[in-house]
Protein chains: 2
Amino acid sequence: MKKKPGLKDIAQEAGVSTALVSYVLNNKKEGRINKDLAQKIKQIARSLNYRTNQIARSLKTNRTHTIGLIVADISNNFSSSLARIIEDEADHHGYTVLFGSSDENDAKFERILDTLVTRQVDGLIMAPPENTENQVRILQQQQVPFVLFDRYYPGFQCNYVALDNFGAVYKGVTHLINKNRKKIGLITYRSSLFHLQERVRGYVEALNDNGIGFNPERLKEVDIIYRKTEIETAIDDLLFHKDPVDAIIFGSNSIALNGLKHILKRNISVPDALEIVSFDETDAQDLFNASMTFLRQPMLEMGQTATRILLDQMNKSKTPQEIILQAEMIHVER
Amino acid sequence: MKKKPGLKDIAQEAGVSTALVSYVLNNKKEGRINKDLAQKIKQIARSLNYRTNQIARSLKTNRTHTIGLIVADISNNFSSSLARIIEDEADHHGYTVLFGSSDENDAKFERILDTLVTRQVDGLIMAPPENTENQVRILQQQQVPFVLFDRYYPGFQCNYVALDNFGAVYKGVTHLINKNRKKIGLITYRSSLFHLQERVRGYVEALNDNGIGFNPERLKEVDIIYRKTEIETAIDDLLFHKDPVDAIIFGSNSIALNGLKHILKRNISVPDALEIVSFDETDAQDLFNASMTFLRQPMLEMGQTATRILLDQMNKSKTPQEIILQAEMIHVER
DNA sequence: TGGCAATGTTTAATCGTTTAAACAAAAATA
DNA sequence: TATTTTTGTTTAAACGATTAAACATTGCCA
């Protein structure tokens, strides 16, 4: 890579000091600088195709104008949609995004976190996997600004923006019961992550509150990095049972996708034989040609809020913002 | 944000110079340094939770170990899948990824490019939108290492990894003709981008080579940032015509998704009344419960090859690599 | 005419690393 | 013992920007 032109090169060509060039290009000391000279300097900068060396600037100013984003997997629709929203919001404020995918793996999460902090990101937005609370606490002690999204640790005061998972599932179950379904299965992730526990709690509590009672055989938990067969088995267990379910709630877009595929293969009639409620409406699911209900997460709000809180904290440290958003229940009739 | 510990802090605590600390932490001059002292320094570093300031290091070494990625839209499955592959490949070599979405807009592309170069990325992987050839030429003149993916400019020697779009569509059309379909529609993007032109060429040529002849009414081009209705209109035009098509080729996963939705709505029987060939198999399309054919892009190879070429060029500048990959035609029977 | 303010530009320190070169002390060699 | 070599560590100059402070020069007013 050829050596790039620097302030020095411009200064030399203009016969002035680098300081002056810096002032001109940053529009500082506007009143004081000779207008013609300023024009000339800008002209030379343009002709040399000069671009600020942001690395050098960052070293001096202690600001990189970069934010770090740690998602579970950028290739997943949930993560990439959020990434896009965050990118736009960050961009509006002059920030660029460095990202990494944790694969729900704590060691990888730590590594990425380290890499990003090392690169002096001004702040972080992240969805921490299991067993990372300690890392995040250390981050907080070091006063690196960050906002969690999607997940958080109960009793750990810090910025986060997450869904009311309890409420979402509760709403879903209640909806199904109102549709006269009483044998409701839930396929979600097996995890100690609080927000996922909340789903199970919402499921159990909604059943109890409606006098149905929780049947453990209808709660199917798959690994957070699941194999397709896990979901297929779960569905088969729920359906080809002496007392089969008449409704299933899917815990994520990806579970829903694989679940629906399998339901298609098994030739189950939806919604007659089986009502479906799914987290995370994605437009892909529209291809499944049957009525179903979605628990839509307010992605835009989640992404924008997370970014705004972060930008806020980066400027003036304020008290932690703990934001819980509600899922919207959408019924799609077909 | 609290001030982070630096080499200076470690040096002070250990009663040595920062140079020595640097040597120890980077495992340089291994033979010469007192082992006990080295241990002590490492110990102190750990206890202070020291992390290299990569910004300072980059300024000195002129390497950021960051690569820039410009995609059309990170929230689109094609972009995010590639991003993930690139992330992994980069990560294996100690690189992190800074990204931006161009929205197929040349001005935005330029802005992102500028931002990334300014941040001294060591190299770039990008899918340039229309009217950006000049920018990319300037980049080449400045000897910033880069690799284009998905697209390239004919007659412009530079690194790229792209699909044989001509061949892919040609293969698709031929396949349909072999299935005895003679009235084949193509819905693709209206664009001066070479790789998209190639598709049209493949379509026309395959028709001609099979003695069918090109009927312009069956070629539907939608804006690259299309509205859903454009695709719906295109499909209606093709189907509810005095001489309706008996097959449609979709030019991307997103066109296919919206197209299939509409076909579903119109209640067209696939594949009896209408054979479908679609670019970019995504697992979402499996929800469309009918046999269809995919022109699958070798995503993994594309992403890995692009990254490897880039890493290669960053180390020792070599002659431009121009790689054309073949699409794989997959028939899914349902 | 002398003093002060306003204007325009430069000097020089700094950010936190890296690294060649210098240096000091100990060990090996003559 | 004098000299050289080896070992262990420090000095100091970068990297490319920012920015407070210093320095000229000019204009203004009493």
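Worth knowing before you read on, the calculation uses all heavy atoms, side chains too, and leaves out hydrogens, waters and symmetry mates. Letters go in sequence order (proteins before strands), and every chain restarts at 1.
- Considering only the side chain of A/N34, C/dT9 comes nearest among C/dT10, C/dT17, C/dT9.
- Taking the ring axis of B/Y160 as reference, the NZ or CZ atom of B/R151 does not stay both within 45° of it and closer than 6.0 Å to the ring centre.
- Comment: A/R84 engages A/D88 in a salt bridge, judged by a side-chain N to carboxylate O separation of less than 4.0 angstrom.
- At whole-Å resolution of the value, NZ in B/K35 and P in D/dT7 are 14 Å apart.
- Looking at heavy atoms from C-beta onward, A/L148 lies in side-chain contact with A/F146 at the 4.5 angstrom threshold.
- No contact: A/I55 has no heavy atom under 4.0 Å from any strand.
- Rounded to an integer number of Å, the gap from CG of A/N27 to C1' of D/dT18 is 15 Å.
- Checking B/D150, B/T307, B/T305 one by one against B/V161, the side-chain contact (heavy atoms from CB on, under 4.5 Å) holds for a single residue, B/T305.
- Side-chain contact of B/R137 with B/Q140: a donor-acceptor pair under 3.5 Å is absent, judged by distance alone.
- Of the candidates C/dT17, D/dA12, D/dA17, D/dA17 carries the atom nearest the A/L7 side chain, counting heavy atoms from C-beta on.
- Look at NZ on A/K8: it is 16 Å from C1' on C/dT10, rounded to the nearest Å.
- When rounded to the nearest whole Å, the span between CG of A/L20 and C1' of D/dT19 equals 13 Å.
- For the pair B/L59 and B/L37, both in contact range of DNA chain D, the more 5′-proximal nearest nucleotide belongs to B/L37.
- For A/T61, taking side-chain heavy atoms from C-beta onward, the closest of the listed nucleotides C/dT11, D/dG16, D/dT18 is D/dT18.
- Atom CD1 of B/I10 and atom C1' of C/dT17 are 12 Å apart (whole Å).
- Using a 4.5 Å heavy-atom threshold, the side chains of A/L193 and A/I224 count as touching.
- Applying the 4.0 Å criterion to OP1 and OP2 of C/dT18, one finds that B/K28 has every side-chain N and O outside that range.
- Considering only the side chain of A/A56, D/dG16 comes nearest among D/dG16, C/dT10, C/dT18.
- A donor-acceptor pair is defined here as one N or O able to donate and one able to accept, closer than 3.5 Å; no such pair exists between the side chain of A/S22 and the backbone of A/T18.
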Check nucleotides 21-25 of chain C against the protein and report each pair of N or O atoms closer than 3.5 Å, with its distance, or say if there are none.
from   : atom 1 : to    : atom 2 : distance (Å)
C/dA21 : N6     : B/K29 : NZ     : 3.4

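- Closest of all the heavy-atom pairs between B/R51 and A/D114 is NH1-OD1, 2.8 Å.
- For residues 43-54 of chain A, proximity to DNA chain C is found at no residue, defined as any non-hydrogen atom under 4.0 angstrom from a strand atom.
- B/R63 places its CZ atom 15 Å from the P atom of D/dG16, with the value rounded to the nearest Å.
- Residue contacts shown for B/K3 are limited to sugar-phosphate atoms, with no base heavy atom under 4.0 Å away.
- You'll find that the side chain of A/K60 is closest to D/dG16, out of D/dG8, C/dT18, D/dG16.
- Comparing the local axis fitted to the first five base pairs of the helix from C/dT1-D/dA30 to C/dA30-D/dT1 with the one fitted to its last five gives a bend of 60°, rounded to 10°.
- The aromatic rings of B/F78 and B/F149 sit tilted, their planes meeting at an angle between 30° and 60°.
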Inset, instruction - Output, in order, the C-alpha distance, side-chain angles, deciding distance and verdict of salt bridge (Lys or Arg N to Asp or Glu O under 4.0 Å) for A/D91 and B/R111. - result: CA-CA 10 Å; A/D91 183 57; B/R111 251 200 40 235; 2.5 Å; yes

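- When heavy atoms are screened at a 4.0 angstrom cut-off, A/N62 is found touching no nucleic acid atom at all.
- Of the listed residues (B/H93, B/Q321, B/E89), just one forms a side chain to side chain donor-acceptor pair (under 3.5 Å) with B/R308, and that residue is B/E89.
- Between the CG atom of B/N26 and the C1' atom of C/dT17 there is a distance of 9 Å, given to the nearest Å.
- One finds a side-chain N or O of A/S22 lying less than 4.0 angstrom from the OP1 or OP2 phosphate oxygen of D/dT18.
- Inter-residue side-chain proximity for B/R57 and B/N26 is flagged as met; some heavy-atom pair is nearer than 4.5 Å.
- When distances are taken from the side chain of A/I33 to each of C/dT17, D/dT18, C/dT9, the shortest belongs to C/dT9.
- Between A/Q12 atom CD and D/dG16 atom P the separation is 13 Å, expressed in whole Å.
- Ring centroids of A/Y153 and A/F194 are separated by 6.0 Å or more, keeping the two rings apart.
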